[in-house]
**Q** 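Questions regarding the structure given below will be posed in turn.
Just follow the structure's listing: the first ligand is 1, and inside any ligand the first atom is 1.
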Amino acid sequence: MAETLGGWLRKLEENNLLQRISQPVSIHEVADIISRNYMKATLIERIDGYDIPLAANIASNRKMIALALGVGEDEVVGELERRTQRRIPPVLVDDGPCKEVVKTGDDVDLTVFPLHLQHELDAAPYITASVAIAKDPERGVYNLGIYRMMLRTSRETGVDVTAPHKLRAYYQRALEMGKPLEVAVVVGLPTIDLLGSLISSPYDVDEYEVLGGIRGEPVELVKCETIDVYVPSNAEIVLECEMPPIGWTVDEGPYGEFTGTYGGLKMNPVMRVKAITHRRNPIFLSATHGGRRPGRTDLHLLFPIIELDLYRALRQAGIDVRGIRLHPGGAGMWAIASIRPRAPGDSKTALALLLTASRQAFPKYAVVVDEDIDIYDDEQVVWAMTYRAQPSEDILILDGLKAIPLDPSLPSDMPPVTTSKMGFDATIPVDRPRQRFEPCLPPKPITEDRKQEVSEEDLLKMLDKPRYLAELARNYTGTAYRKFLKTMANLRERNLIARDQQGRYVRKQG
Ligand SMILES: Cc1cc2nc3c(=O)[nH]c(=O)nc-3n(C[C@H](O)[C@H](O)[C@H](O)COP(=O)(O)O)c2cc1C
């Protein structure tokens, strides 16, 4: 049985990842409530003036993504790699919960949904957790992707198809053919389906098969009422739409973007809603962008997908990559990778790939560390950047690269625009003595009883080979340890032991 949004919210709650607001709130409080508790998803059960509850932020951190995939947080990329390799064809069914209520003609009214303003300067309320599903006008295969839609009238929105994604290409083709593009917009899917809808596939791949692979079971599809498009039956709400062949002709934005800043006013195509179908008691889903914590929004859905792109690129180049993390602080624009350098040049090669290999043009900054550094521990990463790197040798700056024009540090927000990027090699240089970089960690704790007898002969025998003091000391516990220290002092006084270049103790010869 496919996961539903309602079931998924219950699971988030069981895992302490949901704030449920039961008392009625004003629509004007919604954005603030969601963004204040950014580490949790939000379910607002009653909004003044509306009959439909609102859920939001259901994929805003790695814990939620890991839970959706049923693995630990550090296993997300591996699991995604496994699931993206399989294709499971969908099955067609006659009916589904997403069609319990069908509204056509004058009953089509988008304003029944709790469409709140997400940011102070947004042009209008947006439908944001909107998975647009369309068929390639030439090949007939399905594409799925999230595209935000700005409310224009009660039955029309703008749709943001500015980036070079497939929906844009499909629309461009329909435009050339002078035909509308039929699009089903599904609102209210669980996190696993949102994740599946974002996987980018080659043009001849049907993304329902990809979603099946991500779910691990076939997607049940039902036919729309007014357009020739099939939709997942587990959805809460379906907007049956068409994009008329009028091109990029209506104003869109400003809107608070993933960067945490506003994108400008631009022109976009229109989405006309022909019918709305939904469950008897639907939950409206909203996706979060920007706000107080731009890295703790539903942008997180893209993190593991980009991490997988980068992971594959590094492996393809023969780099022994141990882990990759997009850092939430930069809203995806910082990547940290840990590697085991095998050959000179591995770390700089890894940096160049991290900065260039993702289709999505993320990240802008990259750091490569050795595998002993925990990439999820920021202090360890900054420590490695500080003490394992020399700025004059270990910073790589590349210019003229593919950019995300929304980055306000760029001179223009309109293509064509390119960006510069920076990589930081914080691995131990392969040509330097490793010992200088060894972290000074506490000696390994010993709890069990060790030897009680200390003899000079034993110690001298052990010191036939150079050894650090801790290595000798851990053989003795209790009073024997104290005696060991005294015996070592005696041996030193009598000039029977010395130190080697690395500071290890060794028996003097002769
Ligand atoms: C929350 C969220 C909102 C998004 N909104 C948009 C959008 O409005 N326009 C857009 O072009 N891409 C948007 N994206 C990115 C696309 O949905 C994503 O890149 C998708 O994979 C594109 O499909 P394709 O690669 O199969 O063409 C959004 C992604 C997320 C996570």
Side-chain angles (χ1 to χ4, degrees), residues 34 41 55-61 64-65 68 80 84 118-119 122-124 126-136 139 141-151 157-173 181 183 185-187 189 191-211 214 243 248 252-259 263 266-269 271 285-291 294-309 326 328 331-332 358-362 402 404-406 415:
I34 296 165
N57 225 24
I58 64 165
S60 56
N61 59 51
M64 296 180 187
I65 311 265
L80 204 56
T84 47
Q118 290 190 319
H119 317 95
D122 284 0
Y126 278 73
I127 304 172
T128 48
S130 28
V131 177
I133 299 170
K135 271 190 292 188
D136 185 331
R139 297 179 182 84
V141 295
Y142 277 99
N143 175 252
L144 282 70
I146 302 182
Y147 297 87
R148 63 158 189 256
M149 294 158 53
M150 184 183 109
L151 185 71
T157 73
V159 55
D160 185 47
V161 286
T162 27
H165 297 315
K166 281 203 215 132
L167 187 64
R168 183 186 168 97
Y170 289 9
Y171 180 59
Q172 190 80 51
R173 185 73 193 110
L181 180 72
V183 184
V185 176
V186 172
V187 184
L189 288 171
T191 298
I192 190 75
D193 288 354
L194 297 185
L195 190 63
S197 76
L198 292 173
I199 308 288
S200 272
S201 316
Y203 271 85
D204 55 349
V205 172
D206 190 302
E207 292 195 339
Y208 273 136
E209 296 191 7
V210 177
L211 178 58
I214 295 291
M243 294 171 68
W248 281 256
E252 201 264 1
Y255 177 67
E257 301 286 355
F258 81 90
T259 51
K266 56 190 170 193
M267 300 312 267
N268 252 323
M271 196 71 97
L285 181 65
S286 175
T288 49
H289 292 78
R296 305 287 183 182
T297 64
D298 291 312
L299 173 71
H300 248 279
L301 284 164
L302 280 178
F303 283 21
I305 294 170
I306 296 166
E307 286 165 358
L308 181 56
D309 276 351
L326 283 206
S358 166
R359 267 194 68 186
Q360 315 268 357
F362 287 83
K402 203 161 75 169
I404 297 183
L406 286 171

**Q** Under 3.5 Å, is there a donor on one side chain and an acceptor on the other for Thr288 and Asp298?
**A** yes
**Q** Between Tyr171 and Tyr147, is the ring centroid distance below 6.0 Å?
**A** no
**Q** May I ask you to identify the nearest protein heavy atom to atom 12 (N) of ligand 1, giving residue, atom name and distance to one decimal place in Å?
**A** His165 CD2, 3.4 Å
**Q** Among Val186, Leu194, Thr128, find the one that has a side-chain contact (heavy atoms from CB on, under 4.5 Å) with Leu285.
**A** Leu194
**Q** Of all the atoms in ligand 1, which lie at a distance below 4.0 Å from a heavy atom belonging to Ser200?
**A** 21 (O), 24 (P), 25 (O)
**Q** With atom 17 (O) of ligand 1 as the reference point, say which of Ile146, Asp160, Thr162, Thr297 has the nearest heavy atom.
**A** Ile146
**Q** Give me the nearest non-hydrogen protein atom to atom 23 (O) of ligand 1 as residue plus atom name, then the distance to 0.1 Å.
**A** Tyr147 OH, 3.7 Å
**Q** Please identify which atoms of ligand 1 are closer than 4.0 Å to at least one heavy atom of Lys166.
**A** 26 (O), 27 (O)
**Q** Do you see a donor-acceptor pair shorter than 3.5 Å between the side chains of Glu252 and Thr162?
**A** no
**Q** Looking only at N/O atoms, are Arg148 and ligand 1 under 3.5 Å apart anywhere?
**A** yes
**Q** What is the nearest protein non-hydrogen atom to atom 18 (C) of ligand 1, stated with its residue, atom name and distance?
**A** Leu198 CD2, 3.7 Å
**Q** Ligand 1 and Leu302, any nitrogen or oxygen pair closer than 3.5 angstrom?
**A** no
**Q** Test the Lys166-Tyr203 pair against the cation-pi criterion, namely NZ or CZ under 6.0 angstrom from the six-membered ring centroid and within 45° of the ring axis.
**A** yes
**Q** Specify the closest pair of heavy atoms between Leu211 and Gly196, including all atoms of both residues, with the distance to one decimal.
**A** CD1-CA, 3.8 Å
**Q** Quick one: which ligand 1 atoms are inside 4.0 Å of a heavy atom on Ala163?
**A** 11 (O)
**Q** Tell me the contacting part of Glu207 for ligand 1: side chain, backbone, both, or neither, using a 4.0 Å heavy-atom threshold, strictly below.
**A** side chain
**Q** Aromatic ring centroids of His289 and Tyr126 under 6.0 Å?
**A** no
**Q** Evaluate the criterion ring pair (Phe, Tyr, Trp, His ring centres under 6.0 Å) for residue pair Phe258 and Phe362; output intermediate values, then yes/no.
**A** CA-CA 12 Å; Phe258 81 90; Phe362 287 83; 5.4 Å; yes
**Q** Is it the case that ligand 1 has an N or O less than 3.5 angstrom from some N or O of His289?
**A** no
**Q** Determine the minimum heavy-atom distance between Ser358 and Lys402, stating which atoms define it.
**A** O-NZ, 4.0 Å
**Q** Check if Asp298 has a non-hydrogen atom at a distance under 4.0 Å from any atom of ligand 1.
**A** yes
**Q** So which bit of Asn143 gets within less than 4.0 Å of ligand 1, heavy atoms only: side chain, backbone, both or neither?
**A** side chain
